[in-house]
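First the proteins, then the strands, lettered A, B, ... as listed; each starts at 1.
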Number of protein chains: 2
Amino acid sequence: MPVTIYDVAKAAGVGISTVSRVLNENSNVREETRHRVLEAIEALGYKPNILARNLSRSHVQTVGVVLSYLTSPFQVTVLQGIERFLAQAGLDLTIFSMESPKRQETLLENLSHGRRCDGLIVISFTPQERFLQRFQRYHIPVVIADFRDERIPSVFVDNVEGGYLATKHLLGLGHRKIGYILDHTEPPNGSGGNEPGADRQRGYQQALLEAGIPFDPRLVAESGLHSRQRGAAAAEVLLNRGELLTAIFAASDMIALGVMEYARKKGLRIPDDLAVVGFDDIELASFAGLTTVRQPMQEMGRQAAEIVTWLMQGEKVLRTSCQLPVELVVRDSCGALALLERR
Amino acid sequence: MPVTIYDVAKAAGVGISTVSRVLNENSNVREETRHRVLEAIEALGYKPNILARNLSRSHVQTVGVVLSYLTSPFQVTVLQGIERFLAQAGLDLTIFSMESPKRQETLLENLSHGRRCDGLIVISFTPQERFLQRFQRYHIPVVIADFRDERIPSVFVDNVEGGYLATKHLLGLGHRKIGYILDHTEPPNGSGGNEPGADRQRGYQQALLEAGIPFDPRLVAESGLHSRQRGAAAAEVLLNRGELLTAIFAASDMIALGVMEYARKKGLRIPDDLAVVGFDDIELASFAGLTTVRQPMQEMGRQAAEIVTWLMQGEKVLRTSCQLPVELVVRDSCGALALLERR
DNA sequence: ATCCTTTTTGAAAGCGCTTTCACAGAGCTG
DNA sequence: CAGCTCTGTGAAAGCGCTTTCAAAAAGGAT
């Protein structure tokens with residue numbers, strides 16, 4: 001029923017290899033022949049069968065994105081950047097959501113076997129070595145977004161700088177007791193690489209150091225996840241340790257939002273009683289008036305997608321990793337604006 | 001280099017058809033033979049080549065989801081529901097984001113030709129008839145989420161009821177001048193089906209009618225998109241038409257958030273000066289304390305995915321469409337809680 | 001043991017492309 | 001005009017599975 005390359009060949013009075021040649025813009029086809037074939041294609045409304053082509057070329061024209069949570073605004077925004085680029089490049093995008101460290105294993109296990117995609121972008125973590133090796137054996141390039149790993153092409157921001165900027169800002173407003181909430185220091189499945197949360201803490205500590213304030217581990221808490229609930233819980237812990245914090249720097253906007261909610265519940269006014277700064281600059285941040293460190297999330301995705309497509313074409317990519325800039329976005333969760341206006 | 005079915009067959013001393021049979025759990029293989037084959041598979045670390053299998057079976061084990069914006073929290077949440085179900089069913093999910101009515105055409109054009117997916121879920125709109133026909137010819141089932149279309153299996157909520165509930169709530173709090181902001185009455189490419197925004201308006205008007213309040217078209221505005229910016233702009237229009245609104249019902253939470261922002265900018269207090277109710281109950285709504293009509297977004301996705309997989313297996317689905325319940329979630333953007341507490 | 005069913009099994013034919021390889025012609029050279 | 005190199009083209013061989021079809025093996029009944 002469906003029209004195949006044979007039908008076209010017959011209609012044009014040529015062999016199938018010739019049809020294939022014009023299909024693939026392969027040179028060495030006489031202009032007149034090419035024309036005849038094109039006409040036959042048009043007349044029959046022929047569309048090459050992708051499955052057959054895939055088998056023959058042994059690729060799938062698809063790149064996979066593996067992320068932990070489709071609930072994470074950060075990851076979804078990176079995904080957006082990836083999607084835009086890929087769509088334009090004519091590649092399909094299939095998503096793999098892990099949701100738990102356990103599912104991550106089985107997912108990568110499956111993924112690294114059959115050729116379900118020609119390239120892979122993983123967001124916010126590093127696959128274990130054995131998976132990386134397997135991908136390499138299959139010639140499936142993988143690039144990481146939002147995570148720095150020397151072994152693999154990765155695109156990321158300078159998280160130390162980000163943490164530094166945030167803390168510096170708070171310091172500049174006169175805060176001295178500044179808490180820090182991160183997601184976690186170690187990844188759930190310990191596979192190496194630089195944890196963004198830990199890097200941001202480095203920046204935080206560095207700023208503190210420069211200001212001559214000794215680092216106090218009691219001012220740091222882990223939320224585990226980037227969620228409002230966990231953020232609120234961590235804030236509760238931190239705020240009830242007996243230290244009198246005047247500000248909290250959170251490793252992500254979601255955590256920061258949780259902090260704000262907890263503060264609101266406790267009757268603490270922001271920024272008067274507690275200053276808060278987040279990280280990421282997700283859409284919600286602007287609604288909430290949250291001062292934050294902006295990462296170019298879409299651009300991160302775009303770059304990752306671009307690199308992976310290069311790699312897929314077998315090109316040696318020299319600039320194997322790529323660092324994007326961060327930027328402090330001042331809104332009103334720290335009173336900075338109010339302060340300025342008062343002058 | 002990679003091990004094929006032939007290698008396994010040779011190793012097990014059987015024909016490839018037998019290997020294929022054990023692979024596909026096809027009965028009629030003697031227990032002993034099956035065992036031998038399984039052992040060979042194990043020993044060689046054989047994994048069937050998906051591409052070959054796909055060509056042979058002419059399917060791709062993938063369902064496509066086409067949505068308009070990856071930026072829409074609503075759509076992403078539906079996507080989540082889809083993803084969860086599909087992952088569990090062992091199907092891949094590839095996403096197609098349209099971003100504009102024009103891209104929608106070309107996207108569906110491509111999609112409806114080659115077999116890039118075995119089934120399709122489209123969110124929040126109806127493809128034009130010609131595409132539907134093409135999909136039908138290729139036996140690619142399509143189901144719609146968040147949109148009701150008699151021609152195709154669809155899962156949706158009772159939007160009229162939702163609009164009614166929201167308005168009734170406002171009415172119950174004593175509001176008489178209630179504005180309504182919807183996205184649009186007609187879809188950008190006019191392909192039929194029931195626009196949710198229009199349905200919600202019906203519910204709004206019905207509630208008004210029951211309360212004996214004449215419908216005033218000057219209290220209705222269109223935002224065009226479900227975004228905060230557009231919502232704020234629409235609120236501005238509405239609030240400056242000279243009618244003294246005390247409440248606004250928005251066709252989505254994003255729009256409602258925009259309304260809140262505009263109000264905040266204008267120094268209107270919520271809920272004291274202006275009550276706002278939204279629709280969807282996206283995560284942001286709870287942060288913002290927005291009273292809203294909740295749709296089971298994830299569940300919507302799940303159902304759509306379930307239906308499409310049935311259809312893919314060639315099963316005749318009787319319950320071709322499915323309506324999910326809505327529910328009013330009262331928070332504090334209408335003063336309802338405050339009112340209750342005062343009693 | 002013989003004949004007739006059932007199971008099991010392997011050879012071979014697809015699935016619809018891409019790609020290799022060899023062969024016509026065409027175009028040059030000497 | 002023989003000899004050679006190119007260019008354009010088709011036949012055929014994959015790609016690695018699934019699936020048909022017919023034959024072989026295994027049971028059962030007599």
*Asks:* When the distance from CD1 of Ile5(A) to C1' of dT19(C) is rounded to whole Å, what number comes out?
*Replies:*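 For the pair Ile5(A) CD1 and dT19(C) C1', the rounded distance is 11 Å.
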
*Asks:* Please name the residue in the list Val66(B), Val65(B), Val76(B) that meets the side-chain contact (heavy atoms from CB on, under 4.5 Å) test with Ile123(B).
*Replies:*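 Between Ile123(B) and the candidates, side-chain contact (heavy atoms from CB on, under 4.5 Å) is satisfied uniquely by Val65(B).
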
*Asks:* Side chains of Thr71(B) and Gln80(A): do they bring a donor and an acceptor to under 3.5 Å?
*Replies:*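 The answer is no; no qualifying pair exists.
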
*Asks:* What is the distance, to the nearest angstrom, from the NE2 atom on His59(A) to the C1' atom on dG16(D)?
*Replies:*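 Between C1' of dG16(D) and NE2 of His59(A): 16 Å.
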
*Asks:* Can you confirm whether more than 12 heavy atoms, excluding those of His35(B), are under 6.0 Å from its NE2 atom?
*Replies:*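 No, not enclosed.
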
*Asks:* Quick one, Tyr69(B) and Ser97(B) - any side-chain contact, counting heavy atoms below 4.5 Å?
*Replies:*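 A side-chain contact is absent here, since even the closest heavy-atom pair is not under 4.5 Å.
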
*Asks:* Can you tell me which nucleotide in dG16(D), dC17(C), dT18(D) comes closest to the side chain of Ala52(B)?
*Replies:*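 Shortest atom-to-atom distance from the side chain points to dG16(D).
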
*Asks:* Side chain of Thr33(A), heavy atoms from C-beta onward: which of dC15(C), dG8(D), dC17(C) has the nearest atom to it?
*Replies:*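 Among dC15(C), dG8(D), dC17(C), the one nearest the side chain of Thr33(A) is dG8(D).
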
*Asks:* Select base, sugar-phosphate, or nothing to describe what Asn54(B) touches, counting heavy atoms under 4.0 Å on all strands.
*Replies:*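 Since no nucleic acid heavy atom lies under 4.0 Å of Asn54(B), the category is nothing.
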
*Asks:* Between atom CG in Leu23(A) and atom P in dG16(C), what is the gap in whole Å?
*Replies:*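 Interatomic distance, CG of Leu23(A) to P of dG16(C): 15 Å.
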
*Asks:* Give a yes/no on whether any side-chain N or O of Asn49(A) is located under 4.0 angstrom from OP1 or OP2 of dC15(C).
*Replies:*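 False: Asn49(A) side-chain N/O out of range (4.0 Å or more) of dC15(C) OP1/OP2.
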
*Asks:* For Arg115(B) and dC15(C), what is the distance between atoms CZ and C1' respectively, to the nearest whole Å?
*Replies:*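 The distance from CZ of Arg115(B) to C1' of dC15(C) comes to 13 Å, rounded to the nearest Å.
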
*Asks:* Could you give the CD-to-C1' distance, from Glu31(A) to dT9(D), as a whole number of Å?
*Replies:*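 In whole Å, dT9(D) C1' and Glu31(A) CD are 16 Å from each other.
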
*Asks:* Determine whether Arg36(B) and Glu39(B) satisfy the following criterion, salt bridge (charged side-chain N to carboxylate O under 4.0 Å, His left out), listing intermediate values before the conclusion.
*Replies:* CA-CA 5 Å; Arg36(B) 268 215 321 281; Glu39(B) 273 180 346; over 6 Å; no

*Asks:* Determine the contact category for Asn28(B): base if any of its heavy atoms lies under 4.0 Å from a base atom, sugar-phosphate if only primed atoms, P, OP1 or OP2 are that close, otherwise nothing.
*Replies:*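 If one applies the 4.0 Å heavy-atom cut-off, Asn28(B) turns out to touch a base.
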
*Asks:* So, applying side-chain contact (heavy atoms from CB on, under 4.5 Å) with Ile5(A), which one of Thr18(A), Ile16(A), Ile41(A) is it?
*Replies:*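 Output: one option passes, namely Ile16(A).
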
*Asks:* Please tell me which of Arg30(A) and Ser56(A) maps to the more 5' nucleotide of DNA chain D, matching each residue to the nucleotide holding its nearest heavy atom.
*Replies:*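 Final value for this comparison: Arg30(A).
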
*Asks:* Round to a whole Å and report the spacing from CG of Leu55(A) to C1' of dC15(D).
*Replies:*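 Atom-to-atom, Leu55(A) to dC15(D), this comes out as 4 Å.
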
*Asks:* For DNA chain D, determine which residues of residues 8-22 of chain B have any heavy atom closer than 4.0 angstrom to one of its atoms, and list them numerically.
*Replies:*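 Correct list: Ile16(B), Ser17(B), Ser20(B).
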
*Asks:* Is any side-chain N of the basic residue among Glu109(A) and Arg130(A) closer than 4.0 Å to the acidic one's carboxylate O?
*Replies:*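 Judged by the 4.0 Å cut-off on N to carboxylate O distance, Glu109(A) and Arg130(A) do form a salt bridge.
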
*Asks:* Given dG14(C), is OP1 or OP2 found less than 4.0 Å from the side-chain N or O atoms of Tyr6(A)?
*Replies:*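 So the side-chain polar atoms of Tyr6(A) never come under 4.0 Å of the phosphate oxygens OP1 or OP2 of dG14(C).
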
*Asks:* Just how far, in rounded Å, is P of dG16(D) from CZ of Arg53(A)?
*Replies:*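 So the CZ-P distance, Arg53(A) to dG16(D), works out to 19 Å.
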
*Asks:* What integer distance in Å separates Asp7(B):CG from dC17(D):C1'?
*Replies:*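 Taking atom C1' of dC17(D) as the reference, CG of Asp7(B) is at 13 Å.
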
*Asks:* Does OP1 or OP2 of dC17(D) have a side-chain N or O of Arg57(B) closer than 4.0 Å?
*Replies:*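 So the side-chain polar atoms of Arg57(B) never come under 4.0 Å of the phosphate oxygens OP1 or OP2 of dC17(D).
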
